[in-house]
Protein chains: 2
Amino acid sequence: MSLHFAILGLLTFEPMSGYTLKTRYFDRSVAHFWPADQSQIYRTLQSLERSGEVEGHIVASDTRPKSRLYAITEAGRTALVAWLAQDRPVAVQRDDFLVQLYFARLLSRDQVLAMLQARLDQHVRQRDYFDTLEIPEATSDEMRRQIVFGGLTLDFARRRERMMIAWIEACIAEISGLPDAGSPFA
Amino acid sequence: MSLHFAILGLLTFEPMSGYTLKTRYFDRSVAHFWPADQSQIYRTLQSLERSGEVEGHIVASDTRPKSRLYAITEAGRTALVAWLAQDRPVAVQRDDFLVQLYFARLLSRDQVLAMLQARLDQHVRQRDYFDTLEIPEATSDEMRRQIVFGGLTLDFARRRERMMIAWIEACIAEISGLPDAGSPFA
DNA sequence: AAGTCATATAAGATATGTCCTATATTGGAT
DNA sequence: ATCCAATATAGGACATATCTTATATGACTT
């Protein structure tokens with residue numbers, strides 16, 4: 001359901017087409033914590049229209065292909081605000097890397113270290129990405145409020161990457177000090 | 001695929017039934033970073049048997065209902081070790097709470113603070129849970145090696161909870177200092 | 001003897017997400 | 001003219017995960 005409400009949320013900024021929604025807003029914000037591809041977004045817009053939470057109108061342009069402009073309805077706003085205020089259980093953080101690490105006794109020490117190092121590099125890159133993300137200038141009070149909350153989620157991403165980096169460095173330190181029992185099953 | 005290999009991994013400890021695998025091992029380890037319910041585990045065991053990665057034999061007991069004991073095969077071990085050594089892209093961490101927070105300008109300040117406080121409580125409970133998790137005594141070298149890697153994943157869980165707590169506290173501090181613009185749409 | 005709990009397994013229905021491919025228009029570059 | 005990139009939308013196929021219900025045995029309790 002999160003994508004459903006994320007799209008409703010983005011449509012509170014302004015009415016827009018699926019394309020604009022995805023490329024100008026979704027991919028720069030929500031996608032960082034709730035990714036979805038193009039086909040999912042278009043399908044969700046269709047279902048949102050069927051349920052009366054958004055309304056779509058085809059708009060012709062002389063400079064671009066005709067598109068379907070979606071606007072959130074009153075019913076949509078009501079549903080969105082109700083969902084936003086809901087207490088939800090903490091989302092499960094699935095991570096296949098942790099599955100690999102949990103069974104890493106079946107690998108050689110060097111294989112484990114290589115895998116940790118590769119992971120570390122990825123998180124360093126992600127940290128740099130989030131550290132250099134540009135925050136747009138606020139041009140209205142509403143936007144100023146939005147940027148506060150966007151900033152909180154960005155702060156989360158930065159803290160998470162720093163945590164990951166510190167943890168992986170600790171893993172590398174611990175595994176480096178271990179005797180290599182070889183790869184008993186490789 | 002992670003569940004597939006997580007189950008193979010658990011079967012490197014010893015041959016066991018789906019029931020034992022889930023209750024004695026899976027729920028206490030892998031479930032923390034790759035949860036799955038009973039029906040998923042049984043279905044995966046069946047598919048693992050069809051692909052020749054495990055072998056199951058029905059075992060009768062006088063004290064308990066008859067069960068199907070699964071053992072990992074050589075092919076299974078080979079497939080597992082190959083998967084473990086694979087470099088994978090960092091898994092996306094989907095979090096519906098971040099979606100809620102991103103659009104929280106649509107809520108009143110008190111609603112946001114209540115939602116942050118509820119979240120904080122949950123993470124404090126999770127931190128306490130991970131901080132008090134008992135680690136079993138090693139009774140073999142193999143087990144000692146396993147406990148090292150289990151310990152790394154546990155360390156991750158603890159660091160993550162501490163990061164979450166620090167971040168939510170920072171959010172509460174920032175939102176508390178904000179004027180309440182009311183709930184424009186509620 | 002009936003009821004409940006722990007052990008043990010299975011499958012249907014539904015929801016959700018991912019991958020891939022297809023289609024069409026417009027503007028700008030060569 | 002032709003090609004390419006950006007704009008714009010749609011759907012099939014498949015994979016994965018969740019929810020719910022069903023079934024069965026043996027041990028223990030009342």
Side-chain angles (χ1 to χ4, degrees), chain A residues 1-7 10 15-27 30-51 54 56-70 83 88-96 99, chain B residues 1-7 10 15-27 30-51 54 56-70 83 88-96 99:
Chain A
M1 288 279 77
S2 295
L3 182 59
H4 181 103
F5 293 106
I7 288 176
L10 293 175
M16 54 185 125
S17 69
Y19 186 83
T20 302
L21 189 145
K22 177 167 199 300
T23 55
R24 288 184 60 102
Y25 294 94
F26 187 88
D27 287 348
V30 175
H32 292 121
F33 37 85
W34 201 278
D37 71 2
Q38 169 266 102
S39 71
Q40 238 184 306
I41 288 173
Y42 279 95
R43 266 193 267 248
T44 303
L45 281 167
Q46 287 167 19
S47 110
L48 244 13
E49 184 162 25
R50 278 195 300 276
S51 67
V54 307
H57 304 283
I58 290 170
V59 170
S61 155
D62 33 330
T63 89
R64 300 187 300 183
K66 67 172 187 292
S67 67
R68 189 174 285 268
L69 260 207
Y70 289 99
W83 181 82
R88 322 182 65 71
V90 173
V92 167
Q93 301 295 302
R94 259 168 231 282
D95 193 340
D96 53 6
V99 178
Chain B
M1 286 278 77
S2 296
L3 182 59
H4 182 104
F5 293 107
I7 288 175
L10 293 175
M16 54 185 126
S17 68
Y19 187 82
T20 302
L21 189 145
K22 176 165 199 302
T23 56
R24 287 184 59 104
Y25 293 95
F26 187 87
D27 287 346
V30 175
H32 292 121
F33 37 85
W34 200 277
D37 72 2
Q38 170 263 103
S39 72
Q40 239 183 306
I41 289 174
Y42 279 95
R43 266 192 265 248
T44 303
L45 281 167
Q46 288 167 18
S47 112
L48 245 11
E49 184 162 25
R50 279 195 300 275
S51 68
V54 308
H57 303 284
I58 289 168
V59 171
S61 155
D62 31 333
T63 91
R64 299 187 300 181
K66 67 174 188 293
S67 67
R68 189 174 286 269
L69 260 207
Y70 289 100
W83 182 81
R88 322 182 67 71
V90 173
V92 166
Q93 302 294 303
R94 258 169 233 281
D95 193 340
D96 52 5
V99 179

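Only this structure's heavy atoms are used, side chains among them; waters, hydrogens and symmetry mates stay out. In what follows, every chain begins at residue 1, and chains take the letters A, B, ... in the order their sequences are listed.
One can place CG of D96(B) at 17 Å from P of dA17(D), the figure rounded to the nearest angstrom. Taking atom CZ of R24(A) as the reference point, atom C1' of dT7(D) lies 13 Å away to the nearest angstrom. The distance between atom CG of D37(A) and atom P of dC19(C), rounded to the nearest whole Å, is 8 Å. Rounded to a whole Å, the CD1 atom of I58(B) is 8 Å from the P atom of dA10(C). To the nearest angstrom, P of dT16(D) lies 5 Å from CE of M1(B). If you take CD of Q46(B) and C1' of dA8(C), they are 13 Å apart, rounded to a whole angstrom. Atom CZ in R43(A) sits roughly 14 Å away from atom P in dC14(D) (whole-Å rounding). For the pair Y42(B) OH and dT7(C) P, the computed distance is 11 Å after rounding to whole Å.
Toward the 5′ end of DNA chain D lies the nearest nucleotide of K66(A), the other residue of the pair S39(A) and K66(A) mapping further downstream. Position along DNA chain C of the nearest nucleotide to Y70(B) versus W34(A) favours Y70(B) as the more 5'-ward residue.
Using a distance-only test at 3.5 Å, with no hydrogens or angles considered, a donor-acceptor pair links the side chain of Q93(A) to the main chain of R94(B). Checking side-chain atoms of E49(A) against main-chain N and O of G56(A) turns up a donor-acceptor pair under 3.5 Å.
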Checking S17(A) against T20(A) for the side chain to side chain donor-acceptor pair (under 3.5 Å) test, could you report, in this order, the C-alpha distance in whole Å, the side-chain angles of both residues, the deciding distance, and whether it holds? CA-CA 5 Å; S17(A) 69; T20(A) 302; 3.0 Å; yes

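Side chain Q40(B) to base dT18(D): no donor-acceptor pair is found below 3.5 Å.
Taking 4.0 angstrom as the limit, R68(A) places none of its side-chain polar atoms (N or O) nearer than this to OP1 or OP2 of dT7(D).
Side-chain contact between L48(B) and H4(B): present, with at least one pair of heavy atoms (C-beta onward) separated by less than 4.5 Å.
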